[in-house]
Amino acid sequence: MTDIKLEEKWQRKWQDARIFQSDPDEREKLFLTVAYPYPSGAMHIGHGRTYTVPDVYARFKRMQGYNVLFPMGWHVTGAPVIGIAKRIARQDPWTLNIYKNVHKVPEEELARFSDANYIVDYFSSQYKDVMQQMGYSIDWRREFKTIDPTYQKFIEWQICKLRAKGLVRKGAHPVKYCPECQNPVGDHDLLEGEGVGINELTLIKFEIDGAYLVPATFRPETIYGVTNLWLNPDVNYIKIEIQGEEWIISREAYDNLVHQKQDIKIIAEVDPQKLIGKYVKNPITHEEHIILPASFVDPEYASGVVYSVPGHAPADYIALQDLKKDSELMKKYDLEDAVQKIRPLNVITLKDFGEFPAEEMIQKFRVENQDDTRLKEATNELYKLEHAKGVISEHITDYAGLPVAQARDEITKELRDSGRGDIMYDFAERPVICRCGGKCVVRILEDQWFLKYSDTPWKELTMKCLSQMEIVPEEVRANFDYYINWLHDWACSRRIGLGTKLPWDPQWIIEPLSDSTIYMAYYAIATHIKKMNAADLDDSFFDKVFLDKNDSYTGKIDEELLKKVKDEFNYWYPLNWRLSAKDLIGNHLTFHLFHHSAIFPKNKWPKGAVVFGMGLLEGNKMSSSKGNVILLSEAIETHGSDVVRLFLMASAEPWQDFDWRENELKGIKKRLEWFSEFAGRVEELNGSKIDLKSYKLNSDPEKSINTWLLSQINIRVREATQALEGFQTRKALQESLFLLKKDVDHYFYRIEPDLEDEKFKSEVAATLIYVLNIWIRLMTPFTPHICEELWNKHGGSGFISEAPWPQYDETVINEKVQKAEEIVTGLSEDINEIKKILNKEPEKIHIYIAPEWKWKIFDIAAEVGKPDIGRIMQEAIKQDVHQDKKEIAGFAKKIAREMTKINYVGKIDEYSVIKDSLEFLSRESGAEVLVYKEPTYDPEGKSGNALPYKPAIYIE
RNA sequence: GCAGGGGUGCCCGAGCCAGGUCAAAGGGGACAGGCUUAGGACCUGUUGGCGUAGGCCUACCAGGGUUCGAAUCCCUGCCCCUGCACCA
């Protein structure tokens with residue numbers, strides 16, 4: 001049977017037996033969820049890790065006896081699929097290529113992808129198939145889509161709850177917008193300009209003949225250093241009417257501004273040539289500034305008008321230089337006298353710089369002219385420096401001594417409040433091009449709805465919620481902390497996309513991050529609610545079920561059922577673990593806390609969160625849009641899902657980035673094969689069929705190597721269990737697979753010379769069956785299919801998925817036994833080393849063990865606990881452990897340091913340990929090995945070297 | 001810039017919070033040996049340097065410090081990664 005066939009067989013059996021369908025019972029519950037997928041593409045191995053972690057944990061906890069609920073749903077709300085459907089309909093080549101070649105959608109299916117609903121249906125059913133192929137222990141009865149009418153009712157309830165608590169408000173909001181499509185656009189809708197931010201600029205009104213020229217700036221504090229204005233004489237300028245004023249801006253700026261301002265219209269063309277040489281009035285200093293020509297002024301950016309601060313802006317400084325050199329241009333506009341008079345003005349004092357940092361930057365970066373590419377670097381560097389470390393200079397009396405960042409905020413406020421300034425948005429980088437080919441703009445959406453994450457009492461409540469949670473790994477708690485404080489109001493409504501309408505303002509759709517914050521509660525009651533009629537699920541229903549409002553519900557659902565639903569919710573809730581990706585801390589996960597703390601009482605708040613790292617493919621970042629992915633379905637096909645699961649869990653801890661490497665995958669595959677063959681080897685040694693269910697380990701084994709293996713496996717169980725409790729899948733596997741295999745390898749190697757002995761052999765078989773019994777169960781959460789198969793084949797009872805998790809037996813873990821084995825292997829290594837140095841093949845090897853008095857001194861040294869030679873000697877003499885005081889002194893000195901290097905666990909009967917291992921030692925060294933209690937034969941006096949744990953060796 | 005996380009042997013990566021058992025787990029790769037008709041697989045060993053007795057020297061980004069003792073604690077510097085949203 002191939003791996004896949006075998007895996008499918010068990011998946012079917014699990015399904016038929018319904019062992020992963022969880023209903024409330026008397027056991028302790030454990031409820032965990034992982035972010036439900038947005039099915040806009042095929043599932044790749046990165047997703048594979050995300051969903052395998054909770055499955056491993058769920059399986060582990062189930063074996064420990066918990067009633068575990070692990071559900072799954074489909075987050076189909078949002079805009080991306082709308083865009084995808086449109087692009088498919090338009091036969092956009094890039095999109096077609098990705099879906100054909102990366103997501104591997106067959107031609108005939110692709111044809112139907114012009115329907116967004118079809119896309120999410122297609123991929124969610126594909127996701128489900130793959131999840132089942134991966135063997136996930138999901139309760140599929142609870143599956144749902146976020147556009148199911150009953151779910152939408154639930155979402156309506158939640159948003160109304162928040163609104164009733166005063167946590168929803170109305171306002172305006174800037175977004176990326178495509179004028180061609182007449183729609184807001186997300187990153188995935190863009191041809192160019194992915195991830196580009198929106199900047200807020202301050203417009204400052206400089207009066208000229210009753211109208212205003214309105215340069216835009218990031219640095220309004222530099223208004224005190226203005227020497228002139230810049231216009232680009234080759235650009236079209238216009239005069240517009242806005243809010244009863246007249247502004248002069250570039251034609252392109254108008255195209256942007258029209259999306260941001262109300263009541264705005266063009267009233268005239270303006271010839272920039274005629275403005276040059278004229279004067280404007282500074283609204284703050286009331287000085288007059290001349291208008292000058294400059295080619296660096298970009299009509300597309302902001303208002304297309306720039307004010308000049310040559311003291312602090314490298315561009316302005318160099319443009320002024322250029323102009324001074326360009327006598328032709330100066331003559332054309334008759335500017336010579338005025339320009340020669342212009343001197344930079346200082347505004348900001350910056351450590352390590354003089355009066356005019358812009359000038360120094362121009363020199364430092366060797367900027368030649370205003371079209372030099374290095375100009376941008378110079379500008380950026382100075383901008384950062386002045387923002388971070390600059391202070392407003394003393395002669396600017398209004399703001400003297402203030403840090404630049406602070407002064408900027410205050411000046412901005414003053415300008416805007418007094419009407420001398422205004423606000424405008426623009427992209428941080430350009431171009432930003434929609435997939436339709438249109439140029440995007442920043443648009444202000446009015447009447448937008450916001451969730452008030454800035455609300456202080458709400459933040460405080462959320463912080464409380466966080467503080468009672470377990471966070472894995474603990475290091476990211478600081479991130480949560482930070483985001484909760486940093487988060488401001490969130491625009492929670494959208495114009496486009498699939499989703500639930502705002503109940504009180506149905507022109508808006510609830511944004512998809514806001515409809516997926518408390519849906520774990522929906523899972524808890526999903527088996528019931530899915531059968532109900534959405535019309536019966538009004539707010540009072542949810543109030544009753546989730547918040548236990550006694551009197552409220554008056555609808556059609558009968559009392560008894562209602563109680564059942566409510567009880568089920570109370571059984572599963574609160575959520576024990578929420579798993580999600582690292583990059584969602586800032587929104588999804590934090591919203592999850594916000595919404596729970598606002599809606600639910602404390603005892604229903606989430607108990608824990610686990611965050612995931614990213615996936616790499618042979619060292620490179622995985623990305624569907626770049627085609628750099630391996631589909632999970634294909635990985636399963638080539639390797640089998642147990643191997644895929646094992647690799648994903650073993651190569652990194654969940655919160656670390658994992659790297660899918662074909663080479664390492666091979667290693668994992670071999671390891672798993674070794675494991676599945678192990679049972680066969682045990683059976684062979686045993687000489688007859690193994691029956692795990694009737695097996696019992698009888699009595700203490702005679703040979704220490706067997707005791708050793710029993711001790712080792714119990715250590716591995718202990719460590720693996722602890723690791724899994726903390727979601728450390730990699731560590732758990734290190735213990736339960738890799739290190740345990742090493743132990744077993746060592747064991748096989750060690751016992752081999754003694755296998756002739758039948759009694760010993762049966763002891764070995766008994767030991768190994770014990771190991772096998774534990775080991776299969778230890779591996780089950782990771783590789784459930786192969787474990788079911790082995791369990792079934794070797795007489796385990798029932799499904800191993802339901803078998804009890806192995807308990808480690810603390811009494812079997814024995815430090816002295818471990819130490820004894822270390823002494824033997826250490827001895828073997830030392831013999832080899834000496835052999836190597838002597839460079840000869842020995843005939844006989846004599847081993848001498850340490851005399852009694854040395855052990856006593858070790859006991860004393862262990863008691864003292866520090867390398868304190870004086871005290872060790874004192875105590876040794878007092879106890880009279882040995883006649884020769886000189887020898888004691890020498891020994892004490894020698895071991896003082898030695899003691900800190902070994903883990904002293906007390907006296908060990910080295911003589912019998914070594915005697916037990918003579919066959920092994922002799923095979924390893926290729927010589928006869930003799931061990932002495934007393935040095936009756938010691939021609940070179942080597943026996944004196946013997947230390948506890950380190951017998952002396954004489955080779956001849 | 002703000003916030004968070006890091007720099008370990010050929011590569012990946014544990015260890016660091018609770019300093020000594022650390023020349024530093026485990027995996028990958030490389031080399032050697034065993035097994036085998038051969039290859040593969042499997043097992044064993046080697047993979048910083050030196051060494052005619054199990055040892056010594058140098059090492060965990062760099063430089064200082066604390067300590068009997070530091071990969072681990074403290075300070076300084078250099079370098080790298082991630083997030084900063086309205087997008088799931």
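Below, chains carry the letters A, B, ... as their sequence lines are ordered, and counting in each starts from 1.
- Under the 3.5 Å distance criterion, with hydrogens and angles disregarded, a donor-acceptor pair is assigned to the side chains of T33(A) and R578(A).
- If you check A25(B), A3(B), A53(B) against the side chain of I955(A), the one that comes closest is A53(B).
- Proximity note for Y38(A) (side chain, C-beta onward) versus G4(B), G83(B), A88(B): the nearest is A88(B).
- The number of heavy-atom neighbours closer than 6.0 Å to CD of E919(A), taken from other residues, nucleotides and ligands shown, is 12 or below.
- Across every strand in view, A3(B) sits in a pair with U82(B) that passes the Watson-Crick or G-U test at under 3.5 angstrom.
- Only the P atoms considered, A32(B) is 12 Å distant from G39(B), to the nearest whole Å.
- Across the protein-nucleic acid pair, I471(A) atom CD1 and C17(B) atom C1' stand 18 Å apart, rounded to whole Å.
- Comparing A70(B) with G63(B), their P atoms sit 15 Å apart, to the nearest whole Å.
- When heavy atoms are screened at a 4.0 angstrom cut-off, I668(A) is found touching no nucleic acid atom at all.
- The pair E684(A)-R681(A) fails the salt-bridge criterion, with no side-chain N (NZ, NE, NH1 or NH2) lying under 4.0 Å from an Asp/Glu carboxylate O.
- When distances are taken from the side chain of E664(A) to each of G4(B), A88(B), G28(B), the shortest belongs to G28(B).
- If you check G39(B) for Watson-Crick or wobble pairing at under 3.5 angstrom, you find it has no partner at all.
- At whole-Å resolution of the value, CG in N485(A) and P in A85(B) are 17 Å apart.
- In the set C84(B), A88(B), A53(B), the nucleotide with an atom closest to the side chain of W486(A) is C84(B).
- Mapping Y483(A) and S40(A) onto RNA chain B via the closest heavy atom, the residue that lands nearer the 5' end is Y483(A).
- Residue I831(A) is classed as having no contact, given no heavy-atom separation below 4.0 Å to the nucleic acid.
- Remark on RNA chain B: of its neighbouring residues N587(A) and K731(A), the 5'-side contact belongs to K731(A), judged by nearest-heavy-atom nucleotide.
- With rounding to the nearest 0.5 angstrom, the CG atom of L382(A) is 5.5 Å from the CZ atom of R219(A).
- Residue L584(A) is in base contact, counting any heavy-atom pair closer than 4.0 Å across all strands shown.
- With a cut-off of 3.5 Å on both Watson-Crick or G-U wobble distances, the partner of C31(B) is given as G45(B).
- Look at the C1' atom in both C57(B) and C79(B): the space between them is 30 Å, to the nearest Å.
- Nearest to the side chain of K950(A), among G55(B), G13(B), G51(B), sits G55(B).
- Atom name C1', nucleotides U76(B) and C87(B): the rounded distance is 41 Å, in whole Å.
- Distances from the side chain of E475(A) to the nucleotides A14(B), A85(B), G5(B) place G5(B) closest.
- When heavy atoms are screened at a 4.0 angstrom cut-off, Y904(A) is found touching no nucleic acid atom at all.
- When rounded to the nearest whole Å, the span between CE of M649(A) and C1' of G26(B) equals 17 Å.
- Across the protein-nucleic acid pair, K942(A) atom NZ and G54(B) atom P stand 8 Å apart, rounded to whole Å.
- Centroid-to-centroid, the aromatic rings of W486(A) and H488(A) come within less than 6.0 Å.
- The side chain of E833(A) sits closest to G54(B) out of G54(B), U52(B), G83(B).
- When the C1' atom of A25(B) is taken as reference, atom CD of Q728(A) falls 14 Å away, rounded to whole Å.
- If you check every strand for non-hydrogen atoms under 4.0 Å, N479(A) touches sugar and phosphate atoms only.
- Taking the side chain of D830(A) as heavy atoms from C-beta on, and the options A88(B), A85(B), G54(B), the nearest nucleotide is G54(B).
- A14(B) and A62(B): their C1' atoms are spaced 24 Å apart (whole Å).
- A 3.5 Å limit on both hydrogen-bonding distances identifies no Watson-Crick or G-U partner for A59(B).
- No contact: A650(A) has no heavy atom under 4.0 Å from any strand.
- Ion pairing between E833(A) and K836(A) fails under the 4.0 Å rule for side-chain N and carboxylate O.
- Distance CG (L733(A)) to C1' (A14(B)): 14 Å, rounded to an integer number of Å.
- Pairing partner, G9(B): none, since no Watson-Crick or wobble contact has both distances short of 3.5 Å.
- Using atom C1' as the reference point in both G19(B) and G55(B), the two lie 25 Å apart (nearest Å).
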Audit row: M43(A), T50(A), side chain to side chain contact (heavy atoms under 4.5 Å, CB included) steps and yes/no: CA-CA 11 Å; M43(A) 199 177 179; T50(A) 305; over 6 Å; no
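- K836(A) places its NZ atom 12 Å from the P atom of U52(B), with the value rounded to the nearest Å.
- Residues F658(A) and F647(A) place their aromatic rings such that the two centres sit no closer than 6.0 Å.
- Considering only side-chain atoms of W490(A), the nucleotide from G51(B), G13(B), A85(B) that sits closest is A85(B).
- Separating the C1' atom of G1(B) from that of G9(B) is a span of 37 Å, rounded to the nearest Å.
- The listed nucleotides are A85(B), A53(B), G13(B); the one nearest the side chain of L838(A) is A53(B).
- Salt-bridge annotation for E956(A) and K844(A): absent, with no side-chain N of the basic residue lying under 4.0 Å from a carboxylate O of the acidic one.
- Summarising the geometry, atom CZ belonging to R750(A) is positioned 14.5 Å from atom CG belonging to D745(A); distances are rounded to the nearest 0.5 Å.
- P951(A) comes within 4.0 angstrom of a base, heavy atoms only.
- If you look at Y453(A) and F591(A), their ring centroids are closer than 6.0 Å.
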With B for base contact, S for sugar-phosphate-only contact and - for none (protein heavy atoms under 4.0 Å), nucleotides 40-45 of chain B reads -SSSS-
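- When the C1' atom of C10(B) is taken as reference, atom CG of N663(A) falls 14 Å away, rounded to whole Å.
- On the P atoms, U8(B) is 28 Å away from C56(B), given to the nearest whole Å.
- Residue H173(A) is classed as a base contact, given a heavy-atom separation below 4.0 Å to a base.
- Backbone-only contact: R661(A) has heavy atoms under 4.0 Å from sugar-phosphate atoms and none from a base.
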